[in-house]
Undergrad: 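Sending over a structure as structure tokens; questions will come in a sec.
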Amino acid sequence: MLDINFIRANKERVEQGMLNKGEKDISIVSTVLQKDEEWRALVHKTDTLRSESNAKAKEIGKLMGQGKKDEAQAIIAETSKAKEEIKELEDAVKKVQDEKESLLLRITNVPHPSVPVGFTENDNEVFATWGDPNNEEWRKPHWEITERYGWVDFERGVKVTGAGFPFYVGPVAQLQRALINFFINEAGAAGYTELQAPFFVNEDSARGTGQIPDKEDMMYVIPRDEFFAIPTAEVPVTNFHRDEILSADQLPVKYACHTPCWRREAGSYGKDVRGLNRLHQFDKVELVKIVKPETSYDELESLRAHSEMLLQKLELPYRTLLMCTGDMGFTQSKKYDLEVWSPGQQRWLEVSSCSNFEGFQARRMQLRYRNEENKTEILHTLNGSALALPRVVAALLEAYQEENGKVRVPEVLKPFIGRDYL
RNA sequence: GGAGAGGUGGCUGAGUGGCUGAAAGCGCUCCCCUGCUAAGGGAGUUUACGUGGAAACACGUAACGAGGGUUCGAAUCCCUCCCUCUCCGCCA
């Protein structure tokens, strides 16, 4: 959610931002400003009336105390009329405020000036590439490897739950556990505090990070208890400090959190969902930063660099994309995607997404800090995957396989696995 | 899941219809005093929104778990929900 005062002062910028993100209807910007005018007029009127009515109530109290019942009664007769008027105004204020707020929730975040304007994936900028793709003919896609050894059991996953919920068996289960440990350890070394979070969140949390109202169809719902299964650790971790005022010396706040992630992925099909490419449940280590506004773009760069470093240590070739305006989400102001090279499939797989939300999430969450002038100020939030597991596993199985079919263990994971081959 | 008790400011804790945005204490900030291992004195110390102002700030409104209701007036009375604690049940 944007600051209404910011929209008031930057109407054209907000509208252009929405157009650049591919929104067709920008009239809501004008409408929300109208509603805001209307709302402020109503609030002013209501406050004035309430002020008068409060003064009278006090007067009544005083007279009652002095035992002057008749005089009090006279004023009471007067006030009952004003009371109805206030009630009507309050209802009107509430109505306009709800309208204003729901419009406000539909206005996208404004892209940062450094973000390329464009509407398709072809407009994304290749920000960096690293490593030499090992593209030998004999390399097989990961699903052939896992099938040959029985390392991922999709069929039993279907039997037990449904498509997209596989079992990982033996060496691949062990590999995932090793990766999680490796990622968490690296985050710890970089100053992130490790957090274990709830896997279900309530509606307020889902709204805080922007899954509601924009993307609620992505989440699994537990209706009986009104919970959502988290689509990413971003949701519980960013909401950790919801409705709080942090002190400046706590900042920046940096958390690392490993959780499973659940996504309905309605409408996916074909090669996208083959093997480990796209699942309904997958594990991920997520990094979340809560920072002072003036530092958030530097923090985004270090976040991106951290995720890239993980792929470098795993010696997996990758590229980093700076996402164009139209390929960014509703809530982001700038976003990098990291894509690892899958030599068995001859395609890039997204394994990380590092985003700056500026104050867009923090404003919804009332997440603030006390600045140098002792005033409360909205913080900036960022998050990035470091990293998403199954696709790293997929790329790794394909990149580390040998012609005889054996799969080597990456150097940095040997301490966790204790042998040279899976 | 059943029964009971309770949710007030950074913390402890008063307050059962009006002068309470909230006593008192602790903590914190600033100032004063004092030459001695410390104490004393004074002032300040929630947040959001609105109006005015360049700003400092001033004024107004709202908030005592959340949402509704009663009343001229609610932290205080009524209803619903959420949460915490104690006992019982269940359980890793």
Side-chain angles (χ1 to χ4, degrees), chain A residues 1-9 32-105 196 198-208 212 222-228 236 239-251 253 260 359-379:
Chain A
M1 176 164 80
L2 290 174
D3 181 359
I4 185 71
N5 295 317
F6 175 84
I7 300 177
R8 242 196 295 180
V32 85
L33 288 175
Q34 273 169 29
K35 286 287 166 197
D36 184 51
E37 288 297 323
E38 203 180 322
W39 175 79
R40 290 195 342 259
L42 282 168
V43 163
H44 191 65
K45 202 168 167 192
T46 313
D47 280 358
T48 309
L49 273 180
R50 271 204 282 231
S51 174
E52 288 166 12
S53 142
N54 284 347
K56 279 179 185 161
K58 257 181 197 170
E59 184 66 18
I60 293 164
K62 211 173 276 173
L63 290 169
M64 293 292 227
Q66 295 166 0
K68 297 176 182 167
K69 279 226 166 130
D70 292 347
E71 286 176 50
Q73 209 54 48
I75 305 180
I76 288 175
E78 265 175 67
T79 41
S80 357
K81 203 165 54 202
K83 203 191 156 194
E84 270 173 42
E85 203 176 337
I86 290 174
K87 181 87 181 140
E88 273 166 35
L89 275 170
E90 279 174 346
D91 290 346
V93 166
K94 201 175 174 192
K95 179 165 165 276
V96 174
Q97 185 166 343
D98 286 349
E99 287 168 354
K100 173 182 140 188
E101 219 129 80
S102 70
L103 287 170
L104 212 44
L105 286 173
Q196 290 188 333
F199 297 164
F200 304 141
V201 294
N202 58 30
E203 199 182 315
D204 285 343
S205 297
R207 186 173 297 105
I212 298 177
I222 293 121
R224 184 166 167 168
D225 298 290
E226 297 181 314
F227 292 146
F228 295 93
N239 277 283
F240 188 65
H241 290 292
R242 170 153 52 84
D243 291 322
E244 291 183 20
I245 301 174
L246 305 179
S247 64
D249 56 15
Q250 283 177 271
L251 301 169
V253 169
F360 201 80
Q361 294 180 325
R363 196 164 294 109
R364 286 190 198 195
M365 280 190 268
Q366 284 300 299
L367 170 49
R368 295 158 292 169
Y369 84 112
R370 208 170 288 285
N371 68 19
E372 289 68 19
E373 281 141 31
N374 215 33
K375 295 215 160 153
T376 58
E377 189 176 343
I378 296 288
L379 286 159

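In what follows, chains are A, B, ... by sequence order, proteins preceding strands, each numbered from 1.
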Undergrad: Is it true that R242(A) and S205(A) share a donor-acceptor pair across their side chains at a distance under 3.5 Å?
TA: yes
Undergrad: Return the value, rounded to whole Å, for the distance between atom CD of E226(A) and atom C1' of G67(B).
TA: 14 Å
Undergrad: Side chain of D47(A) only, heavy atoms from C-beta on: which candidate in A48(B), G18(B), G60(B) is closest?
TA: G60(B)
Undergrad: Could you measure between the two C1' atoms, the one in G27(B) and the one in G35(B), and give it in whole Å?
TA: 28 Å
Undergrad: For the P atoms, the ones on A58(B) and on G6(B), what distance do you get once it is rounded to whole angstrom?
TA: 40 Å
Undergrad: Using atom P of each nucleotide, how far apart are G50(B) and A55(B) to the nearest Å?
TA: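 Taking atom P in both G50(B) and A55(B), they lie 14 Å apart.
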Undergrad: Which is more 5' along RNA chain B, the nucleotide nearest G61(A) or the one nearest I245(A)? Just name the residue.
TA: G61(A)
Undergrad: C1' atom, G68(B) versus A74(B): distance in rounded Å?
TA: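 Looking at atom C1' only, G68(B) and A74(B) are 14 Å apart.
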Undergrad: Separation of I76(A) atom CD1 from G18(B) atom C1', in whole Å?
TA: 11 Å
Undergrad: Select base, sugar-phosphate, or nothing to describe what I75(A) touches, counting heavy atoms under 4.0 Å on all strands.
TA: nothing
Undergrad: Provide the Watson-Crick or G-U wobble partner of A38(B), both distances under 3.5 Å; none if there is no partner.
TA: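 A38(B) is paired with nothing.
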Undergrad: Any non-hydrogen side-chain atom of E38(A) less than 4.5 Å from a side-chain atom of K35(A)?
TA: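 The answer is yes, as the side chains (C-beta and beyond) meet within the 4.5 Å cut-off.
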Undergrad: Give a yes/no answer on whether the side chain of K58(A) brings an N or O atom under 4.0 Å of OP1 or OP2 in U20(B).
TA: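 Indeed not, no polar side-chain atom of K58(A) lies that close.
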Undergrad: Is there a Watson-Crick or G-U wobble partner for G52(B) with both distances under 3.5 Å, and if so, which one is it?
TA: C57(B)
Undergrad: Contact class for K94(A) (heavy atom, under 4.0 Å): base, sugar-phosphate, or nothing?
TA: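 If one applies the 4.0 Å heavy-atom cut-off, K94(A) turns out to touch the sugar-phosphate alone, with no base involved.
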Undergrad: Do we see a donor-acceptor contact under 3.5 Å between the side chains of D243(A) and Q366(A)?
TA: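 On atom types as modelled, these side chains do not qualify, holding no pair under 3.5 Å.
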Undergrad: Has D225(A) got a side-chain atom pairing as donor or acceptor with F227(A)'s backbone, closer than 3.5 angstrom?
TA: no
Undergrad: For A62(B) versus U20(B), give the span between their C1' atoms, rounded off to a whole number of Å.
TA: 16 Å
Undergrad: In Å, rounded to the nearest 0.5 Å, how long is the span from CZ of F228(A) to CD1 of I222(A)?
TA: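 F228(A) CZ to I222(A) CD1: 9.5 Å, rounded to 0.5 Å.
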Undergrad: Return no unless some side-chain N or O of R370(A) is found under 4.0 Å from OP1 or OP2 of U29(B).
TA: no
Undergrad: Please state the P separation for the pair C64(B) and G69(B) - nearest whole angstrom.
TA: 15 Å
Undergrad: Does the structure show a Watson-Crick or G-U wobble partner for A74(B), both distances under 3.5 Å? Name it, or say none.
TA: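 Across any shown strand, A74(B) pairs with none.
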Undergrad: Where the side chain of A57(A) is concerned, which of A56(B), C72(B), C49(B) is the nearest nucleotide?
TA: C72(B)
Undergrad: Would you say the side chain of L246(A) lies within less than 4.5 Å of the side chain of R368(A), judging by non-hydrogen atoms?
TA: no
Undergrad: Reckon N54(A) has a side-chain N or O less than 4.0 Å from the OP1 or OP2 of C72(B)?
TA: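 Looking at the OP1 and OP2 atoms of C72(B), neither is under 4.0 Å from any side-chain N or O of N54(A).
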Undergrad: Answer with base, sugar-phosphate or nothing: what part of the nucleic acid does K87(A) contact at a heavy-atom distance below 4.0 Å?
TA: sugar-phosphate
Undergrad: Is any side-chain heavy atom of E90(A) closer than 4.5 Å to one of I86(A)?
TA: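 Yes. Closest side-chain heavy atoms under 4.5 Å.
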Undergrad: OP1 or OP2 of G50(B) versus the side-chain N and O atoms of R50(A): is any pair under 4.0 Å?
TA: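 False: R50(A) side-chain N/O out of range (4.0 Å or more) of G50(B) OP1/OP2.
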Undergrad: Given the C1' atoms of A39(B) and G21(B), what is the spacing between them in whole Å?
TA: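 It comes out at 33 Å once rounded to the nearest Å.
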Undergrad: Look at all strands and tell whether T376(A) reaches a base, only sugar-phosphate, or nothing, counting heavy atoms closer than 4.0 Å.
TA: sugar-phosphate
Undergrad: By nearest nucleotide on RNA chain B, pick out whichever of K83(A) and R40(A) is the more 5' one.
TA: R40(A)
Undergrad: Mind checking who C91(B) pairs with, Watson-Crick or G-U wobble, both distances under 3.5 Å?
TA: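 Pairing partner: none.
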Undergrad: For atom C1', what is the distance between C19(B) and A75(B), given to the nearest Å?
TA: 16 Å
Undergrad: Find the partner of U16(B): check Watson-Crick (N1-N3 plus N6-O4 or O6-N4) and G-U wobble (N1-O2, O6-N3) distances, both under 3.5 Å, and reply none if neither fits.
TA: none
Undergrad: What's the CG-P distance between L42(A) and U61(B), to the nearest Å?
TA: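 From L42(A) CG to U61(B) P: 18 Å.
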Undergrad: Paired with G67(B): which nucleotide, if any, by Watson-Crick or G-U wobble criteria at under 3.5 Å for both distances?
TA: C79(B)
Undergrad: When both hydrogen-bonding distances must be under 3.5 Å and the geometry is Watson-Crick or G-U wobble, what is U86(B) paired with, if anything?
TA: A3(B)
Undergrad: Could you identify the nucleotide paired to G44(B), looking across every strand shown and requiring Watson-Crick or G-U wobble geometry with both distances under 3.5 Å?
TA: C28(B)
Undergrad: What's K375(A) touching, base or sugar-phosphate or nothing? Going by heavy atoms closer than 4.0 Å.
TA: sugar-phosphate
